[in-house]
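Computed from heavy atoms alone, side chains included, the values below leave out hydrogens, waters and symmetry copies. A, B, ... follow the sequence lines: proteins, then strands. Residue 1 opens every chain.
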Protein chains: 2
Amino acid sequence: MTALEAREKRKAQTRERILEAGGQLLLNDGFHGFSMRKLAAKVNYTATAIYSHFPDKDALLGELVEREFIKFRRAFDLTSKIADPIERLAKKGMTFVEFALQQPDAFKFLFMNTQIEAFPKVGLIERGNPAQDCYAYLRSTIAEALAAGRFRPELSDADMLAQIFMSGVHGIVSLHIARGKDPWVKWRPVRQRAKLMVEALIRGLTLPQDERPESPPDTIGTIRI
Amino acid sequence: MTALEAREKRKAQTRERILEAGGQLLLNDGFHGFSMRKLAAKVNYTATAIYSHFPDKDALLGELVEREFIKFRRAFDLTSKIADPIERLAKKGMTFVEFALQQPDAFKFLFMNTQIEAFPKVGLIERGNPAQDCYAYLRSTIAEALAAGRFRPELSDADMLAQIFMSGVHGIVSLHIARGKDPWVKWRPVRQRAKLMVEALIRGLTLPQDERPESPPDTIGTIRI
DNA sequence: GCATGTCACTTAACACTGTTAATTTACGTA
DNA sequence: TACGTAAATTAACAGTGTTAAGTGACATGC
């Protein structure tokens, strides 16, 4: 059995080598320049050899995208400590922005990619999907603020609110990446834009301080200092 | 000379036929499915024939997108009648969204394209660039609202405000296009998302009704009913 | 130790893609 | 009618993703 296991291990290693080289290729040549033959050359294989490790190009690209997502989630995790849910939400938004600015290539093919529509059918969705977790983090933060009665009374849908908030910061950075060099726009510094977006959305969606309930709606009757 | 003119006219007509067919092809098959040979077949030509009308595929696609964008600007123009500048701003935002949803390929090319940084060298920039105009429209609407004292006092930068607002609606639709099929997000209807985004941003950036100045700041002393 | 079979990989090929060069066809003009 | 130009064609190149068949290495059963 050790012989079989050794073979499996070797296969896993070449698979890993392919993914590693694929990540580099994607970083250097972008989606447009990525090809199976180029990738194969990087690992000294024929293009067809890759097909014994991945069903097709899209599946391979999907897996590469997943790996970038995992890096992203790691950055996102660090914002979980902040006590106030609205402050935490703001911080998460700025983390999203910072990730996009520091890893623009990863961001491009995670959030501005129009080629790979959905993630691969199998695999990703089963074991906890990192992107799913990111959205789930955002949503749970909002749900917490919602439970504390921080949002305006007509807004009670955590998914809707999470999507609005995410769209806001996403819009800032994706427009910056796509059209941030257009000479006919007097672009303001992108981080200032992001900050104002977060502030404006929070002000537009939450209750002002003097209208907040003393106790959150789901804990009425309990003491809260 | 009439014979030469006739020839030029015929050439212009086949050029037009190619663009017409190209528009249909782009609509049906999208960017991914668009090919020179398919297009040529639609107009009963060889693929290479197209190269005597357009320098290359990108130029052809660029011209097709420009045409879509002109349609978009036309729709954008129709929002100029609304008297209240904030209402007009909201309407412009929703027009932007509607364009992106109805012409996703044109939108991708214009606003989610990370390959072509600036617009084509020739043509677009010389005769008024539609994208430039759209931003200018948005900005002037905001400047008008700004002059009427509708924004919060600390917000006085029309460019900054225009960029925030544009980013908001852009974020909604671009995230919808890029990740709108992710199964782990309970996506709310995209138009509802857009509506709430516009409302939230306006609420977060403008003054509430009871804090608005009776007269706009630049017309203090004049009578206003 | 040798035959068997599986698995990783290569070769050959197919049907595409954008694009160029050379060639043919059509047409206005002298 | 001959000439020249312009618009179309054919042929070809280099590249793409992907499949089918073949090859060599290696673990397993007798």
message: Does this structure show an ion pair linking B:R74 with B:D77, if we count only N-O contacts that are shorter than 4.0 Å?
response: no
task: Could you name each residue pair satisfying salt bridge (Lys or Arg N to Asp or Glu O under 4.0 Å) that touches residues 15-31 of chain A, not counting sequence neighbours?
output: A:R15-A:E63, A:E16-A:R67, A:D29-A:K38
field: Distance-minimising heavy-atom pair for A:M112 and A:A178
entry: CE-CB, 4.0 Å
task: Check each residue of residues 36-50 of chain B for a non-hydrogen atom within less than 4.0 Å of any atom in DNA chain C, then write out the ones that pass by number, or none.
output: B:M36, B:R37, B:T48
- prompt: Can you list, by residue number, the residues of residues 17-30 of chain B that have a non-hydrogen atom closer than 4.0 angstrom to DNA chain C?
  reply: none
statement: The complete set of salt bridge (Lys or Arg N to Asp or Glu O under 4.0 Å) pairs with one or both residues in residues 157-166 of chain B, sequence neighbours excluded, reads A:R188-B:D157, A:R188-B:D159, B:R139-B:D159
message: Heavy atoms only, 4.0 Å cut-off, all strands: where does B:F34 land among base, sugar-phosphate and nothing?
response: sugar-phosphate
query: What closest approach, in Å, do A:F54 and A:I18 show between heavy atoms, and which atom pair accounts for it?
result: CE1-CG2, 3.7 Å
Below 3.5 Å, can you tabulate the donor-acceptor pairs from side chains in residues 164-172 of chain B to any protein atom, sequence neighbours excluded?
unit_1, atom_1, unit_2, atom_2, d
B:S167, OG, B:Q163, O, 2.7
B:H170, ND1, A:S174, OG, 3.3
B:H170, NE2, B:F111, O, 3.3

task: Measure the distance from NZ on B:K57 to P on C:dT20 and round it to the nearest whole Å.
output: 14 Å
message: Rounded to whole Å, how long is the line connecting atom OH of A:Y51 with atom C1' of C:dA8?
response: 16 Å
message: Counting only side-chain nitrogens and oxygens, does B:R10 get under 4.0 Å of the OP1 or OP2 atom of C:dG28?
response: yes
task: Using whole Å, report how far CZ of B:F31 lies from P of C:dG18.
output: 13 Å
task: Please state whether the phosphate of D:dA6, meaning OP1 or OP2, lies under 4.0 angstrom from any side-chain nitrogen or oxygen of B:K11.
output: no
message: Can you list everything that forms a salt bridge (charged side-chain N to carboxylate O under 4.0 Å, His left out) with B:K71? Sequence neighbours excluded, please.
response: B:E68
query: Taking B:F96 as the fixed residue, which of B:F107, B:F76, B:Y137 is the one that meets the ring-ring contact (aromatic ring centres under 6.0 Å, His included) rule?
result: B:F107
